[in-house]
Amino acid sequence: MADEGIATTGVQASAVPGAILGAERKAALATILERDDAAPELIDLLIDFAIEAGASDILFEPQPEDGLIRIRIDGMLQVAAKVPADLFLNAVSRLKVMAGLDITQHTASQEGKIVFERPQTQIDARTAVANTSSGEIVVLRLHDRRSTQFSLQGIGLSNKAEADYRALLNSHAGLILICGPTGSGKTSTLYSSLHTLNSDHKNIVSIEDPIEYIIPGLNQMQVEVKRGITFAEGLKIILRLNPDVVFVGEIRDTQTAHIAVEASLTGHLVMSTIHANSAVSSLSRLVDLGIDKFFINNALIGSISQRLVRQTCKVCGRPMEPTPEEGEMFFRITGRRLEKQVIGAGCEACAMTGYKGRMPIIEVMVMDESVRSLVTRGATERQITQVLAQNGYITLLQDGMNKVEKGETTVREVIANAFITN
């Protein structure tokens, strides 16, 4: 819906198997596909390419007559290879062995982990196996330990948003909520925030599901439902540990919401994620979870919402005039004219997509007296947003369009992602 009327910009990645790998790896792939026993070489080739491309996932998908391998780069799945059935089955079996899974089990879902050691880095691959109508699918979720240096400077906040957010983090108590759908970069923002807060003088305790990264100096707890440790129960345990900062992986039910609010009202800085489509709509979500407006006003000190957009490739990006539709959309959001936007033509560096890397577009809402007054009066989200705008509030769309103007992304990319909901 959000894309209607916006012309395509950039180059779509080719669906031709091997095209995204580049000439050298494509030639190596052709040799590998001639041998049924070449599963180790196939896996190594794909992992090496994924590291270089900064990929987040590799999917080994069974087809009726062969196997399909796709790789997710900058949030977009792209075809990497079509593999003969025997080689595909051998690759699946090898991945299961590497992940410590039962290779004789072909019907039950299984989860494990593979560590790929490389000279310059180490890749942790969370491995999930499930049975489909065509056979077993294997999904590797990749975490490159080189990219786990968390810092607020690296997130991509505008100057005002960063100043507002740092002020929230400097608070001694209160509730900070982070909103955004799956895959919107919330984890990076949260860990960057915790890294900023981490010091010898603070007891920071978290309850997470799962623990994405181990950060020295933090006391991190894992949700274990079988042992009765849910987010709510974990939060109760944390509050007995005299924490200064509490991180709750997600507020997903009324009980957790109430405990988080109570904790923030009793001298703790509490951070969590919540299912809401914007920073302002986090207010409505708390009401939906049964939190009284009085407690919202006294507990919540701010919330942020974010999405990820692809960055224009710096190698093949060139200034181009926007289409009339793009120009109109930009003007409607910013009130300014867009003379040029940088468009990627597609090259080997960006796997022929025109984009390389991703960055967040972010809005930061600070709970000031004007917002609290509106919450008390039951104002709509639109009314609250309008009042915030008078004080310089920058919405997701405005932040995205500001980055278009700087040549960092495109109008189409911002529109396509800003409206993704939970």
Could you check whether atom [atom1] of [X] has more than 12 heavy atoms from other residues, nucleotides or ligands sitting under 6.0 Å from it?
X      : atom1 : result
Glu24  : CD    : no
Glu111 : CD    : no
Asn391 : CG    : yes

Pairs involving [range], ordered by first then second residue, that meet salt bridge (Lys or Arg N to Asp or Glu O under 4.0 Å) (sequence neighbours left out):
range            : result
residues 66-77   : Asp57-Arg72, Glu61-Arg70
residues 240-254 : Glu250-Arg252
residues 353-363 : none
residues 204-225 : Arg126-Glu212, Glu224-Arg227

Any non-hydrogen side-chain atom of [X] less than 4.5 Å from a side-chain atom of [Y]?
X      : Y      : answer
Val205 : Leu218 : no
Arg310 : Asn417 : no
Ile204 : Asn219 : no
Ile43  : Phe116 : yes
Ile71  : Gln78  : no
Ile259 : Leu239 : yes
Ile238 : Phe247 : no
Thr273 : Ile251 : no

Tell me if a side-chain donor or acceptor on Ser373 pairs with a main-chain N or O of Glu369 at a distance below 3.5 Å.
no
With Glu41, which residues qualify under side-chain contact (heavy atoms from CB on, under 4.5 Å), at least two apart?
Ile32, Arg35, Ala38
List in chain and number order the residues that pass salt bridge (charged side-chain N to carboxylate O under 4.0 Å, His left out) with Glu381, two or more places apart in sequence or in another chain; answer none if no residue qualifies.
none
In chain order, what residues pass the salt bridge (charged side-chain N to carboxylate O under 4.0 Å, His left out) check against Asp44, with sequence neighbours excluded?
Arg118
Give the C-alpha distance, both sets of side-chain angles, the deciding distance and a yes or no for side chain to side chain contact (heavy atoms under 4.5 Å, CB included) between Leu177 and Met271.
CA-CA 6 Å; Leu177 295 176; Met271 299 187 65; over 6 Å; no
Distance-only polar pair, side chains of Ser305 and Arg307, donor-acceptor under 3.5 Å:
yes
Any chance the side chains of Thr312 and Glu408 put a donor and an acceptor closer than 3.5 Å?
no
Asp399 and Lys403 ion-paired at < 4.0 Å:
yes
Show which side-chain atoms of residues 163-170 pair as donor or acceptor with protein atoms under 3.5 Å away, not counting sequence neighbours.
residue : atom : partner : partner atom : Å
Asp164  : OD2  : Lys160  : NZ           : 2.7
Tyr165  : OH   : Ser193  : OG           : 2.6
Arg166  : NE   : Glu162  : OE2          : 3.0
Arg166  : NH2  : Glu162  : OE2          : 3.2
Asn170  : ND2  : Arg166  : O            : 3.1

Would you compute the distance between atom [atom1] of [X] and atom [atom2] of [Y] and round it to the nearest 0.5 angstrom?
X      : Y      : atom1 : atom2 : answer
Ile304 : Ile178 : CD1   : CD1   : 4.0 Å
Ser171 : Ile301 : OG    : CD1   : 3.5 Å
Thr121 : His143 : OG1   : NE2   : 12.5 Å
Leu46  : Leu59  : CG    : CG    : 11.5 Å
Ser282 : His275 : OG    : NE2   : 13.5 Å
Leu269 : Ile176 : CG    : CD1   : 4.5 Å

Would you please test Ser303 and Met365 for side chain to side chain contact (heavy atoms under 4.5 Å, CB included) and show each step?
CA-CA 5 Å; Ser303 64; Met365 179 190 74; 3.3 Å; yes
Distance-minimising heavy-atom pair for [X] and [Y]:
X      : Y      : value
Ala28  : Leu45  : CB-CD1, 3.7 Å
Thr410 : Tyr355 : OG1-OH, 2.9 Å
Glu405 : Leu338 : CA-CD1, 4.5 Å
Cys313 : Cys347 : SG-SG, 3.8 Å
Ser158 : Ile394 : OG-CD1, 4.2 Å
Val115 : Asp124 : CG2-OD1, 3.8 Å

For the pair Ile73 and Phe49, evaluate side chain to side chain contact (heavy atoms under 4.5 Å, CB included) and give the outcome as yes or no after the intermediate values.
CA-CA 11 Å; Ile73 303 171; Phe49 170 73; 3.9 Å; yes
Dump the intermediate steps for side chain to side chain donor-acceptor pair (under 3.5 Å) on Gln398 and Asn402, then the final yes or no.
CA-CA 6 Å; Gln398 290 168 339; Asn402 290 342; over 6 Å; no
Listed by chain and number, what are the side-chain hydrogen bond (donor to acceptor under 3.5 Å, both in side chains) partners of [X], not counting sequence neighbours?
X      : result
Arg337 : none
Thr380 : Gln383
Gln311 : none

Side chain to side chain donor-acceptor pair (under 3.5 Å), that's the test. Do Thr376 and Asn297 meet it? Break it down for me.
CA-CA 8 Å; Thr376 300; Asn297 275 341; 3.0 Å; yes
Evaluation steps, side chain to side chain contact (heavy atoms under 4.5 Å, CB included), between Thr409 and Met359
CA-CA 9 Å; Thr409 188; Met359 65 182 177; 3.9 Å; yes
Set out, in order, the CA-CA distance, both residues' side-chain angles and the distance that settles side chain to side chain donor-acceptor pair (under 3.5 Å) for Asn203 and Asn242, then state yes or no.
CA-CA 8 Å; Asn203 178 17; Asn242 193 25; over 6 Å; no
Assess the residue pair Thr107 and Asn131 against the criterion (side chain to side chain donor-acceptor pair (under 3.5 Å)); give the C-alpha distance rounded to whole Å, side-chain angles, the decisive distance to 0.1 Å, and a yes or no.
CA-CA 5 Å; Thr107 56; Asn131 189 40; over 6 Å; no
Partner residues of Tyr191 under the ring pair (Phe, Tyr, Trp, His ring centres under 6.0 Å) criterion, sequence neighbours left out
Phe150, Tyr213
